[in-house]
There are 2 protein chains.
Amino acid sequence: MTPVILIVEDEADLVELLRYNLEREGYEILATPSGEEALLIVEERHVDLMLLDWMLPHMSGIEVCRQLRRKPGSRALPVIMLTARGEQADRVRGLDTGADDYVTKPFAPEELIARIHAVMRRARPALSEERLTYSDIEMNLTEHKVARNNRPVVLGPTEFRLLRHFMEHPGRVFSRDQLIDSVWGHGIFIDSRTVDVHIRRLRKALNGKDEQDVIRTVRSAGYALDAEAAIA
Amino acid sequence: MTPVILIVEDEADLVELLRYNLEREGYEILATPSGEEALLIVEERHVDLMLLDWMLPHMSGIEVCRQLRRKPGSRALPVIMLTARGEQADRVRGLDTGADDYVTKPFAPEELIARIHAVMRRARPALSEERLTYSDIEMNLTEHKVARNNRPVVLGPTEFRLLRHFMEHPGRVFSRDQLIDSVWGHGIFIDSRTVDVHIRRLRKALNGKDEQDVIRTVRSAGYALDAEAAIA
DNA sequence: ACCTTATGTGACAGTTATGTGACGATGGCC
DNA sequence: GGCCATCGTCACATAACTGTCACATAAGGT
């Protein structure tokens with residue numbers, strides 16, 4: 001799956017420049033000018049790296065970073081800060097807050113791309129250590145393995161991404177359209193009933209003989225990962 | 001459910017222009033030329049965003065905004081101000097008063113729509129607020145779960161929307177027609193007695209063995225959510 | 001008390017949403 | 001090319017929810 005980078009920056013020109021260069025590098029780009037919205041996107045979508053402007057309209061980059069690190073479920077999402085020249089003095093504060101690197105504006109796109117590669121390479125082993133766990137389900141992302149109750153579970157690629165998305169946002173209800181956006185990719189055009197079929201395949205693989213269904217169907221709304229789904 | 005936008009504007013032409021464009025975008029439109037009435041509508045209907053003209057016949061847009069923010073129960077309803085050119089100087093005051101954005105007239109419909117999208121996305125966490133609480137009832141909107149006294153409550157989609165509407169306006173009495181407008185959608189035409197049936201279903205699901213009825217029947221007027229319903 | 005009107009309640013039949021099995025298409029791999 | 005796994009879509013089965021009715025009950029008015 002192509003890595004997803006979230007750009008949090010309020011200068012539209014810069015965003016477009018970055019989008020162009022990074023998409024050429026094979027990344028998928030999300031962008032928003034608002035820190036609040038950034039935190040929201042991280043909740044709902046899979047994001048591999050965040051490019052975070054220091055100065056933002058309402059909420060500063062530092063604040064975004066702090067709140068991001070405070071979230072419990074969020075694994076250590078790599079963050080690269082974008083700072084203007086005069087703000088260099090605050091570099092330490094930025095790194096303190098949990099950013100993985102910083103780049104001072106103006107910068108050459110090549111430099112940024114190099115740092116992105118570096119951070120993502122560095123972050124991957126850290127990421128890999130982190131297995132995703134919810135209830136009795138365990139995902140090992142690096143080895144691409146899933147187990148329930150220590151019993152191995154085999155999933156197709158799409159089911160794997162689907163489960164991963166649920167595990168990254170346990171309990172949350174996603175509409176079929178949201179799932180298509182997040183699991184298949186933004187702008188992909190797929191019949192929403194296809195989601196049902198993959199949900200079924202995921203359920204089939206995940207639910208053993210006498211195990212609870214961990215996927216809750218919310219009629220007219222979507223699906224959610226929920227260990228107590230059976231509270232009927 | 002389609003998002004609802006309330007337009008508060010006294011130029012009829014502009015209202016119709018906006019209505020046309022926004023309905024095409026899939027929004028449901030309410031409109032009123034009066035600030036007083038706007039505050040009333042917000043009390044009684046579910047509204048996702050308010051487009052507020054700066055200059056209004058009796059009560060100015062600022063005043064509307066101020067009063068809106070002062071209301072206790074009202075979650076932070078996103079507000080976009082519409083200002084004429086010469087009023088730009090007051091921009092700061094507008095944002096101070098609590099508006100989330102402002103647009104100067106004349107404007108291109110596309111620009112307004114872009115800002116509406118931005119504001120609504122930004123406001124979502126404030127709007128959905130994760131959870132609604134009233135008395136011993138708790139609704140988790142993101143997880144689509146309802147509980148009373150920590151006991152899970154299962155509701156059908158319509159009962160869920162109905163309860164949500166009550167929880168967003170606790171204590172307030174709604175006529176059957178108002179409920180149909182807000183919960184089913186404007187322009188939907190169904191028998192008003194149908195509301196009674198759904199109220200019954202909601203009561204049945206909500207009222208456990210020895211729990212109080214939380215829905216108060218107001219004879220010849222409608223229903224209200226009211227924890228002390230039985231003290232009648 | 002009596003009549004009138006409004007609301008509570010259980011049942012039912014139509015409608016809509018979801019579950020499920022099967023199928024052909026696609027693309028990697030040998 | 002043939003094999004295999006996976007994918008997206010369809011058609012049909014099943015389940016859940018919906019709106020309405022008929023009748024029971026309760027509340028107001030006189």
Side-chain angles (χ1 to χ4, degrees), chain A residues 1 144-146 152-165 173-185 187-207 212-226 229-232, chain B residues 1 144 146 153-165 173-185 187-207 212-226 229-232:
Chain A
M1 196 170 44
H144 234 259
K145 281 183 177 175
V146 181
V153 173
V154 287
L155 298 176
T158 306
E159 283 77 50
F160 188 90
R161 291 199 304 274
L162 187 56
L163 177 59
R164 175 178 182 171
H165 185 255
V173 176
F174 294 96
S175 73
R176 290 171 177 71
D177 286 335
Q178 283 177 313
L179 289 173
I180 289 174
D181 263 16
S182 301
V183 176
W184 276 260
I188 303 287
F189 130 99
I190 293 252
D191 191 307
S192 67
R193 287 304 310 278
T194 299
V195 175
D196 299 26
V197 177
H198 282 278
I199 289 283
R200 164 156 210 309
R201 289 169 179 160
L202 181 56
R203 275 179 168 147
K204 206 172 194 174
L206 222 46
N207 300 334
Q212 284 237 341
D213 187 359
V214 282
I215 296 178
R216 181 164 55 109
T217 302
V218 183
R219 179 174 247 256
S220 83
Y223 297 96
L225 182 65
D226 188 342
I231 301 183
Chain B
M1 198 169 42
H144 256 261
V146 181
V153 173
V154 287
L155 299 176
T158 305
E159 283 77 49
F160 189 91
R161 291 198 305 272
L162 187 56
L163 176 59
R164 176 179 180 169
H165 185 256
V173 178
F174 295 97
S175 75
R176 291 172 176 72
D177 286 334
Q178 285 177 316
L179 288 173
I180 289 174
D181 265 15
S182 302
V183 177
W184 276 259
I188 302 288
F189 113 105
I190 56 172
D191 192 307
S192 67
R193 288 303 310 279
T194 299
V195 175
D196 299 25
V197 177
H198 282 279
I199 289 284
R200 164 156 210 316
R201 288 170 179 158
L202 182 54
R203 276 178 167 148
K204 204 172 194 174
L206 222 45
N207 301 334
Q212 283 230 347
D213 186 0
V214 281
I215 296 178
R216 180 163 51 106
T217 303
V218 184
R219 190 184 170 87
S220 80
Y223 297 96
L225 181 65
D226 188 344
I231 305 184

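By convention in this document, chain letters (A, B, ...) are assigned in the order of the sequence lines, proteins followed by strands, and residues within each chain are numbered from 1. Quantities reported herein were computed from a predicted structural model and do not represent experimental measurements. Side chains are part of it too, since the values below use all heavy atoms of this structure and drop only hydrogens, waters and symmetry mates.
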Nucleotides 19-23 of chain D: which of its N/O atoms have a protein N/O under 3.5 Å away?
{"unit_1": "D:dG19", "atom_1": "OP1", "unit_2": "B:Trp184", "atom_2": "NE1", "d": "2.8"}
{"unit_1": "D:dG19", "atom_1": "OP2", "unit_2": "B:Trp184", "atom_2": "NE1", "d": "3.3"}
{"unit_1": "D:dG19", "atom_1": "OP2", "unit_2": "B:His198", "atom_2": "NE2", "d": "2.7"}
{"unit_1": "D:dG19", "atom_1": "O6", "unit_2": "B:Arg201", "atom_2": "NH2", "d": "2.6"}
{"unit_1": "D:dT20", "atom_1": "OP2", "unit_2": "B:Asp191", "atom_2": "N", "d": "2.8"}
{"unit_1": "D:dT20", "atom_1": "OP2", "unit_2": "B:Thr194", "atom_2": "OG1", "d": "2.6"}

Exercise for the section: Specify the closest pair of heavy atoms between A:Lys145 and A:Phe160, including all atoms of both residues, with the distance to one decimal. Expected result: N-CE1, 4.1 Å
Problem - Beyond-backbone contact of B:Arg200 with B:Asp196, side-chain heavy atoms, under 4.5 angstrom - result: no
Problem - Interatomic distance, B:Ile190 atom CD1 to B:Arg176 atom CZ [nearest 0.5 angstrom] - result: 12.0 Å
Exercise for the section: Could you state the atom-to-atom distance from CD1 of A:Ile199 to C1' of D:dA15 in whole Å? Expected result: 18 Å
Practice task
Measure the distance from CZ on A:Arg219 to P on C:dA17 and round it to the nearest whole Å.
Solution key: 7 Å
Practice task
Could you verify whether a donor N or O on one side chain and an acceptor N or O on the other, from B:Arg161 and A:Ser220, lie under 3.5 Å apart?
Solution key: no
Exercise for the section: Test A:Glu159 against every option in A:Arg201, A:Arg164, A:His198 by the side-chain hydrogen bond (donor to acceptor under 3.5 Å, both in side chains) rule and name the one that passes. Expected result: A:His198
Exercise for the section: Indicate, yes or no, whether a donor-acceptor pair under 3.5 Å links the base of C:dT18 to the side chain of A:Arg200. Expected result: no
Handout entry: Atom pair distance, as rounded to whole Å: CG in B:Leu155 and P in D:dT18
Key = 10 Å
Problem - Euclidean distance, atom CZ of residue A:Arg203 to atom C1' of C:dT20 [Å, nearest integer] - result: 11 Å
Practice task
Return the minimal non-hydrogen interatomic distance between A:Ser192 and A:Ile180, and the atom names on each side.
Solution key: CA-CD1, 3.9 Å
Handout entry: B:Ile215 backbone acceptor or donor facing B:Arg203 side chain under 3.5 Å
Key = yes
Problem - Side-chain N,O (B:Thr217) to OP1/OP2 (C:dG8) below 4.0 Å - result: yes
Practice task
Establish, with yes or no, whether the OP1 or OP2 oxygen of C:dG19 is under 4.0 angstrom from a side-chain nitrogen or oxygen of A:Tyr223.
Solution key: yes
Exercise for the section: Round to a whole Å and report the spacing from NZ of B:Lys204 to C1' of C:dA11. Expected result: 11 Å
Practice task
Provide, to the nearest angstrom, the distance between the CZ atom belonging to B:Arg161 and the C1' atom belonging to D:dC17.
Solution key: 11 Å
Handout entry: Interatomic distance where CZ belongs to A:Arg176 and C1' belongs to D:dT9 [whole Å]
Key = 15 Å
Exercise for the section: Take the protein atom CG of A:Leu202 and the nucleotide atom P of C:dG19, then report the distance between them rounded to whole Å. Expected result: 12 Å
